[in-house]
Amino acid sequence: MNRLNSTVNVNPGFSSLTFLLLISTLLLFVACNPGSSKNSEKKPVTRDTTITKENAFLNVFLDSTQVTSFLEKAKLSTEDSTELSDFYKSRNYEFAWFDNAGLTEHATSFVSLYRNYRSANNDSSLRNKKLDNIIDNIMDDSAYLPANKKEMIQTELELSKQFFKYAGKAYGNNLDPEELGWFIPKKKINIRSFLDSIISNKKASISDFEPVHPMFSPLHEYLEKYTAIEKKNGWPVINFLKKNYKEGDSAEAIGMLKKRLQLIGDLEPADTGNVFSAATKKGVINFQHRYGQKEDGVVTAKMIQEINRPITEKIKQIIVNIERIKWIPKPGTGRYIVANIPAYRLYVFDSGRYQWGMNVVVGSQANSTVIFSDILELIVFSPYWNVPYSIVKNEMAGKSASYFERNNFEIVGKYSDGLPQVRQKPGPRNSLGRVKFLFPNSYSIYFHDTPAKGLFNQTNRAASHGCIRLAEPAKMASWLLDYDPNWTTDSIQKSMALTKEKTVKLKKPVPVFIGYFTAWVDQQGKLNFRDDIYGHDKKMMERLF
């Protein structure tokens with residue numbers, strides 16, 4: 001019988017987890033929760049006296065004074081202390097971790113969960129020696145029970161206290177997103193609701209109710225795997241004597257490379273020896289795919305650099321991205337657009353399902369794309385390009401009249417310092433291409449077409465002044481306007497070939513999220529890494545470590 005109400009949404013259908021869903025969820029949070037605020041009034045918790053020994057699920061009860069006395073010595077924050085008190089009050093002080101037979105299954109699951117977390121994150125602050133000794137005795141002897149009622153009460157309350165400490169550490173924000181360039185709504189977890197859900201659904205997995213995005217668990221599992229490898233002395237540097245290796249080559253380094261690829265799951269164990277076989281080539285391609293490199297099966301200097309990167313660095317990179325996952329809420333449904341800057345990819349969702357993706361060009365290191373979320377409202381066909389003042393000053397000063405004429409620029413005014421206000425007319429050479437997509441924001445960031453199509457075939461696509469260039473802009477326009485039968489492939493193409501701007505306001509605006517993730521787990525359960533092109537990982541590591 002499920003007696004406790006929970007505000008945590010359960011989504012057991014997330015069997016294939018992916019980065020795409022990871023960053024898409026913030027959009028639903030922004031679009032569907034405009035009234036949410038940390039200042040909203042909290043409803044007082046009342047004692048549920050309908051729960052009695054006759055109808056209770058566990059049939060073991062505390063006294064309210066025992067909870068109060070424990071909390072006075074517990075050294076919890078005021079907020080956590082209040083929440084823990086409210087947790088027991090709402091269940092009329094019925095035990096959460098014990099029943100008549102002893103420690104419950106969800107109690108042992110929680111202990112394993114927090115111990116794995118403590119080990120993987122090397123977090124000694126979660127150690128509770130007295131509690132650990134009692135739990136070890138119980139796990140070693142299923143018939144073991146605390147020596148007396150007092151010890152049982154102490155263990156019960158210590159488990160709840162440990163749960164609040166663990167949840168705050170594992171799922172709470174250790175850093176402020178805005179201080180690190182993430183201009184997204186702040187998220188706060190509700191630990192009591194999380195605990196309510198676990199206790200009320202004892203047969204379900206704790207991960208079903210975690211107050212973080214479902215991508216948290218698979219990425220943390222990889223953290224545990226990599227930490228275990230590190231504790232076994234990590235992996236050695238492979239001495240590659242050449243800059244490139246390909247199928248048919250033979251070298252001692254190739255044998256070591258195979259062992260490394262097998263260790264991290266890119267190569268089948270059956271491929272042994274020092275010869276670069278067809279199977280080895282497949283393993284190399286698997287590695288290249290996970291790292292966003294050219295997938296040609298040739299071991300290059302870039303791959304050698306990544307293969308020899310210390311495992312401690314990869315662990316830190318995983319931890320940094322786990323922290324980012326905690327900044328965004330759990331998933332929902334709807335239409336939205338997602339861009340991941342380090343992956344140079346954009347993804348489109350409809351009804352909560354991934355539809356298609358495309359390559360994109362993002363801002364260069366000197367003109368980095370801002371990380372934020374907004375709502376796409378306008379499509380501008382055959383746009384003018386109003387050249388930013390900085391570009392006029394830094395890149396156009398001193399250009400001849402023939403340069404302006406050749407590139408279809410026109411002067412439409414002057415700035416206060418005398419520099420010309422310049423715009424580029426619509427046409428095939430316009431820097432914005434044939435169409436742009438606006439989600440009005442203070443950062444002047446938007447999506448647009450480009451005449452420079454060759455960049456989309458490169459592996460490193462950080463080359464714009466900050467806006468995001470789309471490889472398939474016509475497809476994007478068609479998707480955004482597919483609700484209107486008047487907009488066809490032909491009418492879109494004609495609008496993209498006009499000599500004057502044509503602005504279309506969407507009747508169905510679409511949320512947009514621009515994120516920055518350099519490590520995530522894809523739909524195939526594979527761990528992906530990307531370069532820290534803007535140095536955001538480095539800044540976070542300086543704070544976290």
Side-chain angles (χ1 to χ4, degrees), residues 70 73-77 79-81 83-84 87 96-97 103-140 144 146 154-175 189-192 194-195 197-199 205-234 311-327 519 521 527 540-541 543-545:
F70 175 83
K73 305 172 186 177
K75 296 182 180 180
L76 288 170
S77 68
E79 182 179 5
D80 283 352
S81 183
E83 286 290 287
L84 200 153
F87 167 71
W97 306 103
L103 201 66
T104 60
E105 185 177 342
H106 55 256
T108 55
S109 296
F110 163 61
V111 171
S112 296
L113 185 69
Y114 96 74
R115 283 180 172 178
N116 289 340
Y117 175 88
R118 186 179 69 192
S119 176
N121 291 271
N122 196 27
D123 189 348
S124 60
S125 69
L126 286 175
R127 183 171 294 281
N128 185 325
K129 188 175 292 187
K130 183 176 181 180
L131 177 63
D132 284 344
N133 288 338
I134 295 174
I135 297 299
D136 287 340
N137 286 332
I138 294 173
M139 289 184 170
D140 290 342
Y144 176 88
Q154 186 71 16
T155 306
E156 162 72 23
L157 293 172
E158 284 287 352
L159 276 166
S160 294
K161 170 187 170 182
Q162 193 73 358
F163 186 90
F164 271 78
K165 286 184 66 176
Y166 160 77
K169 282 270 187 176
Y171 311 118
N173 292 341
N174 294 309
L175 300 172
I189 64 170
N190 188 326
I191 299 176
R192 179 162 59 87
F194 177 28
L195 183 52
S197 299
I198 294 170
I199 305 303
S205 169
I206 291 178
S207 62
D208 290 338
F209 306 101
E210 287 181 312
V212 284
H213 193 281
M215 195 59 209
F216 177 94
S217 288
L219 193 55
H220 202 276
E221 286 175 10
Y222 271 104
L223 174 62
E224 293 171 14
K225 291 177 183 177
Y226 274 54
T227 301
I229 294 172
E230 181 192 31
K231 289 179 178 178
K232 293 180 180 178
N233 300 318
I311 191 170
T312 52
E313 289 188 19
K314 307 315 297 179
I315 288 172
K316 288 181 178 180
Q317 189 173 358
I318 294 170
I319 291 173
V320 159
N321 285 275
I322 286 175
E323 189 68 23
R324 289 178 179 139
I325 294 170
K326 295 190 290 187
W327 295 347
V521 179
L527 177 61
M540 285 188 68
M541 287 178 190
R543 300 283 190 91
L544 287 171
F545 308 107

One pair to check against side chain to side chain contact (heavy atoms under 4.5 Å, CB included): Ile198 and Phe110. What are the steps and the verdict? CA-CA 10 Å; Ile198 294 170; Phe110 163 61; over 6 Å; no

Could you walk me through whether His106 and Trp97 satisfy the side chain to side chain contact (heavy atoms under 4.5 Å, CB included) test, starting with their C-alpha distance in whole Å, then the side-chain angles of each, then the deciding distance to 0.1 Å, before giving a yes or no? CA-CA 7 Å; His106 55 256; Trp97 306 103; 3.7 Å; yes

Go through it in stages, so that I can follow the logic: the residues are Arg115 and Asp132, the test is side chain to side chain contact (heavy atoms under 4.5 Å, CB included), and I'd like the CA-CA distance, side-chain angles, deciding distance and then a yes or no. CA-CA 10 Å; Arg115 283 180 172 178; Asp132 284 344; 3.5 Å; yes

Show your reasoning for whether side chain to side chain contact (heavy atoms under 4.5 Å, CB included) applies to Leu223 and Asn121. CA-CA 8 Å; Leu223 174 62; Asn121 291 271; 3.8 Å; yes

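In this structure, CG in Asp80 is found 12.0 Å from OG in Ser160, a value given to the nearest 0.5 Å. The structure places CZ of Phe216 at 10.5 Å from CD of Glu221, a figure rounded to the nearest 0.5 Å. From Leu84, atom CG reaches atom CG of Leu195 across 7.5 Å, with rounding to the nearest 0.5 Å. If you take CG on Leu175 and CD on Glu323, they are separated by 5.0 Å, rounding to the nearest 0.5 Å. Here Arg127 contributes atom CZ and Gln162 contributes atom CD; the two are 10.5 Å apart, rounded to the nearest 0.5 Å. Between Leu219 atom CG and His213 atom NE2 the span is 12.0 Å, to the nearest 0.5 Å.
For the pair Lys130 and Glu158, the minimum side-chain heavy-atom distance is 4.5 Å or more. The shortest side-chain heavy-atom distance between Glu83 and Asn190 falls under the 4.5 Å cut-off. Contact check for Leu103 versus Val111: no side-chain heavy atoms found under the 4.5 Å cut-off. Proximity of Ile189 to Phe194: side-chain heavy atoms (C-beta onward) are nowhere separated by under 4.5 Å.
The residue from Val212, Ile191, Ile325 that alone fulfils the side chain to side chain contact (heavy atoms under 4.5 Å, CB included) condition with Tyr171 is Val212.
Between Glu224 and Ala120, the shortest heavy-atom contact is CG-CB, 3.7 Å.
Remark: side-chain polar atoms of Ser217 are not paired, donor with acceptor, to backbone N or O of Pro214 under 3.5 angstrom. Side-chain N or O atoms of Gln317 include none that pairs as donor or acceptor with a backbone N or O of Ala519 at under 3.5 Å.
The existence of a salt bridge linking Glu313 and Lys316 is excluded, since no basic side-chain nitrogen approaches an acidic carboxylate oxygen closer than 4.0 Å. Residues Asp123 and Lys165 are not paired through a salt bridge, judged by the lack of any N-O separation under 4.0 Å between the basic side chain and the carboxylate.
The aromatic rings of Tyr114 and Tyr166 sit tilted, their planes meeting at an angle between 30° and 60°.
Around the CG atom of Asn122, the shell of radius 6.0 Å holds no more than 12 heavy atoms that belong to other residues, nucleotides or ligands.
At least one cation-pi condition fails for Lys161 and Phe164: the charged atom is not both under 6.0 angstrom from the six-membered ring centre and inside a 45 degree cone around its axis.
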